[in-house]
Amino acid sequence: MKKKIGLWAVLMLCVLIISPAKVKAECQHQWQEYYAIEEEQCEEKGCIKIRTCVVCGERQKVIESPHEWGEWQLVNSSDCTTNGEESRYCRKCRARQSRSLPKDSHPWGDWECLRRPTAFQTGYYRRACEWCGTEDYKTVAKLSSVKTTSKLQNEVKKSASAFLAAAKKYDVKKINNCFAKRQKSLFIEKRYIASFIRKSNKKYMRYVITSIKMKGKKNATVTVSCRYQDAYDIFWKSFRDSVNYIIKTGRSSSSILDKYQYNRVVKYDKKYQKQFETKNFNINMKKIGKKWKITSFTKSMKDAIHCNYQSAYNDYF
């Protein structure tokens, strides 16, 4: 008897579990009217409508028709730091579609020279965006030695090279021979200072002729990139000490002062770390007879040949 009751209970439980699924499967659907769903639920394929059975709650959806997109409208403008955005809407179901716009190019300012290119170092330039301040940098190649293309250029280059070679040795006689007129600003009497410059130029002076521009057949401009020891501070201190020496001792003989100044220059040259400078300068040349001669001894030329002695002298005195 107990076994029969148990079997009956199990059978009833199975009926209760299976019955809802069976009812649902056999539901005679009573559908509501189709209605459009919310726009964010629409699919790319087209506008969607759904309907629901009032008996079992089952839902059906259909793609009614392809989207009928309107024109793209700007939502956010782009700039050089942020992407923009455009959107458009379906005229039927108001589904929304958006797309990103690329960033704008930076409105760059002018290039600023941080370091000019020479024959011994690359140039370095910087520019900044006028909108966001982003900086951009570029490197410019070293200047290369000029390649002559005519007989006249070869003659000019040969004469300019002779002058630079004489300057490196600080051979006063040969330097003067390169000028149309004899120069008085070379160290002839101050032999001790000339000795210092001669040693410095021989050890440190480097030069490259970077361009030759002809002006007719008898005039030319030679551009030179020159690296040399910058002894400005050394010379300036030697001038100061020499003046104090005169005040203290009353001795003003040029030969004595020349040697005293030279000793101060040598002392400071050993004491302080050496400084170097690179300058680009022009040499103006003119053909006189069959030879090309330098017509002017510019300040830049003097500084390069004399390790900035002239600048230090002018600034102190």
Side-chain angles (χ1 to χ4, degrees), residues 80-81 103-150 152-154 156-170 178 197 200-215 219-236 272-285 292 294-312 314-315:
C80 56
T81 60
K103 295 178 183 178
D104 294 338
S105 300
H106 290 289
W108 295 111
D110 295 332
W111 286 106
E112 175 190 3
C113 179
L114 302 179
R115 185 180 66 203
R116 293 191 178 280
T118 69
F120 314 101
Q121 66 180 12
T122 56
Y124 201 45
Y125 290 78
R126 174 182 63 193
R127 63 179 179 176
C129 174
E130 295 176 347
W131 175 258
C132 68
T134 297
E135 294 185 341
D136 183 31
Y137 297 87
K138 71 175 180 179
T139 301
V140 179
K142 295 178 183 179
L143 301 179
S144 57
S145 179
V146 65
K147 295 181 179 180
T148 55
T149 57
S150 68
L152 284 176
Q153 280 190 328
N154 281 326
V156 171
K157 185 177 182 180
K158 185 177 179 180
S159 297
S161 297
F163 163 71
L164 293 167
K168 182 172 175 63
K169 296 178 181 178
Y170 203 70
C178 296
I197 292 173
S200 175
N201 286 1
K202 184 178 180 180
K203 189 172 184 178
Y204 302 115
M205 188 177 181
R206 302 288 184 273
Y207 57 85
V208 174
I209 296 175
T210 57
S211 73
I212 299 174
K213 293 182 180 179
M214 303 301 302
K215 299 176 182 178
N219 292 281
T221 299
V222 179
T223 302
V224 178
S225 185
C226 184
R227 181 180 184 272
Y228 58 92
Q229 182 182 0
D230 178 9
Y232 177 96
D233 290 339
I234 294 173
F235 289 135
W236 196 94
Y272 299 108
Q273 183 177 0
K274 287 180 174 57
Q275 302 295 320
F276 299 94
E277 185 171 354
T278 300
K279 276 188 178 180
N280 297 331
F281 59 83
N282 292 331
I283 302 175
N284 296 316
M285 306 190 75
W292 286 89
I294 301 172
T295 58
S296 59
F297 200 11
T298 64
K299 181 179 180 298
S300 294
M301 292 169 63
K302 292 175 184 178
D303 280 342
I305 292 175
H306 294 141
C307 308
N308 283 339
Y309 181 96
Q310 191 69 46
S311 290
N314 292 341
D315 290 346

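This one's a predicted model, so the numbers in the text were calculated from it and none came from an experiment.
For the residue pair Cys226 and Ala304, the shortest heavy atom distance occurs at SG-CB, 4.1 Å. Across Val222 and Ala160, no two heavy atoms sit closer than the pair CG1-CB, 4.1 Å. Here the closest non-hydrogen pair linking Cys307 and Phe235 is O-CE1, 3.6 Å. The two residues Ile305 and Ile197 have their closest heavy-atom pair at O-CG2, 3.3 Å. The minimum heavy-atom distance between Ala162 and Cys178, with the atom names listed, is C-SG, 4.3 Å.
Rounding to the nearest 0.5 Å places CG of Asp110 at 10.0 Å from CZ of Arg127. Atom OG of residue Ser311 and atom CH2 of residue Trp236 lie 14.5 Å apart, to the nearest 0.5 angstrom. Atom CG in Leu164 sits 8.0 Å away from atom CE in Met301 (nearest 0.5 Å). The CG atom of Asn282 lies 8.0 Å from the OG1 atom of Thr298; values are rounded to the nearest 0.5 Å.
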Would you sort out whether Thr295 and Met285 count as a side-chain contact (heavy atoms from CB on, under 4.5 Å), showing the intermediate values? CA-CA 6 Å; Thr295 58; Met285 306 190 75; 6.0 Å; no
Using the side-chain contact (heavy atoms from CB on, under 4.5 Å) rule, take Asn201 and Lys169 through it: C-alpha gap first, then chi angles, then the decisive distance, then the call. CA-CA 7 Å; Asn201 286 1; Lys169 296 178 181 178; over 6 Å; no
Stepwise side-chain hydrogen bond (donor to acceptor under 3.5 Å, both in side chains) check, Arg116 with Thr278: CA-CA 10 Å; Arg116 293 191 178 280; Thr278 300; over 6 Å; no
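Legend: residues meeting side-chain hydrogen bond (donor to acceptor under 3.5 Å, both in side chains) with Thr134, ordered by chain and number and at least two apart, are absent. Among residues two or more places apart in sequence or in another chain, the side-chain contact (heavy atoms from CB on, under 4.5 Å) test is passed with Asp104 by Ser78. Every residue was checked against the side-chain hydrogen bond (donor to acceptor under 3.5 Å, both in side chains) condition with Ser161, not counting sequence neighbours, and none meets it. Residues passing the side-chain contact (heavy atoms from CB on, under 4.5 Å) test with Asn280 are Thr118, Leu143, Ser225, sequence neighbours excluded. The ring pair (Phe, Tyr, Trp, His ring centres under 6.0 Å) check on Phe297 picks up Phe179, with sequence neighbours excluded. The side-chain contact (heavy atoms from CB on, under 4.5 Å) search around Ser211 returns Thr223, not counting sequence neighbours. With sequence neighbours excluded, the residues that form a ring pair (Phe, Tyr, Trp, His ring centres under 6.0 Å) with Trp108 are His106. When the side-chain hydrogen bond (donor to acceptor under 3.5 Å, both in side chains) test is applied to Tyr207, no partner is found at least two apart in sequence or on another chain. Considering only residues two or more places apart in sequence or on other chains, Arg126 meets the salt bridge (charged side-chain N to carboxylate O under 4.0 Å, His left out) condition with Glu112. Scored by the side-chain contact (heavy atoms from CB on, under 4.5 Å) test, Asp230 finds Tyr232, Gln275, Glu277, Asn308 as partners (sequence neighbours excluded). The side-chain hydrogen bond (donor to acceptor under 3.5 Å, both in side chains) check on Asn314 picks up Gln310, with sequence neighbours excluded.
Surrounding NZ of Lys213 are at most 12 heavy atoms belonging to other residues, nucleotides or ligands under 6.0 Å away.
At a threshold of 4.5 Å between non-hydrogen side-chain atoms, the residues Met214 and Asn219 do not count as touching. Pro107 is listed as a side-chain neighbour of Cys129, based on a closest heavy-atom distance under 4.5 Å. The shortest side-chain heavy-atom distance between Ile283 and Val224 falls under the 4.5 Å cut-off. Looking at heavy atoms from C-beta onward, Ser296 lies in side-chain contact with Asn284 at the 4.5 angstrom threshold. Taking 4.5 Å as the limit, some side-chain heavy atom of Ser200 sits within range of a side-chain heavy atom of Gln229.
Cation-pi check for Lys158 over Trp292 is not met; the charged atom does not lie both under 6.0 angstrom from the ring centroid and within 45 degrees of its normal. In this structure, Arg206 is not positioned above the aromatic face of Tyr228 in the sense of NZ or CZ being under 6.0 Å from the six-membered ring centre and within 45° of the axis.
Sorted by first and then second residue, the salt bridge (charged side-chain N to carboxylate O under 4.0 Å, His left out) pairs involving residues 300-310 (not counting sequence neighbours) are Lys279-Asp303, Lys299-Asp303.
Of the candidates Trp111, Tyr124, Tyr125, Tyr137 forms a ring-ring contact (aromatic ring centres under 6.0 Å, His included) with just one, namely Tyr124.
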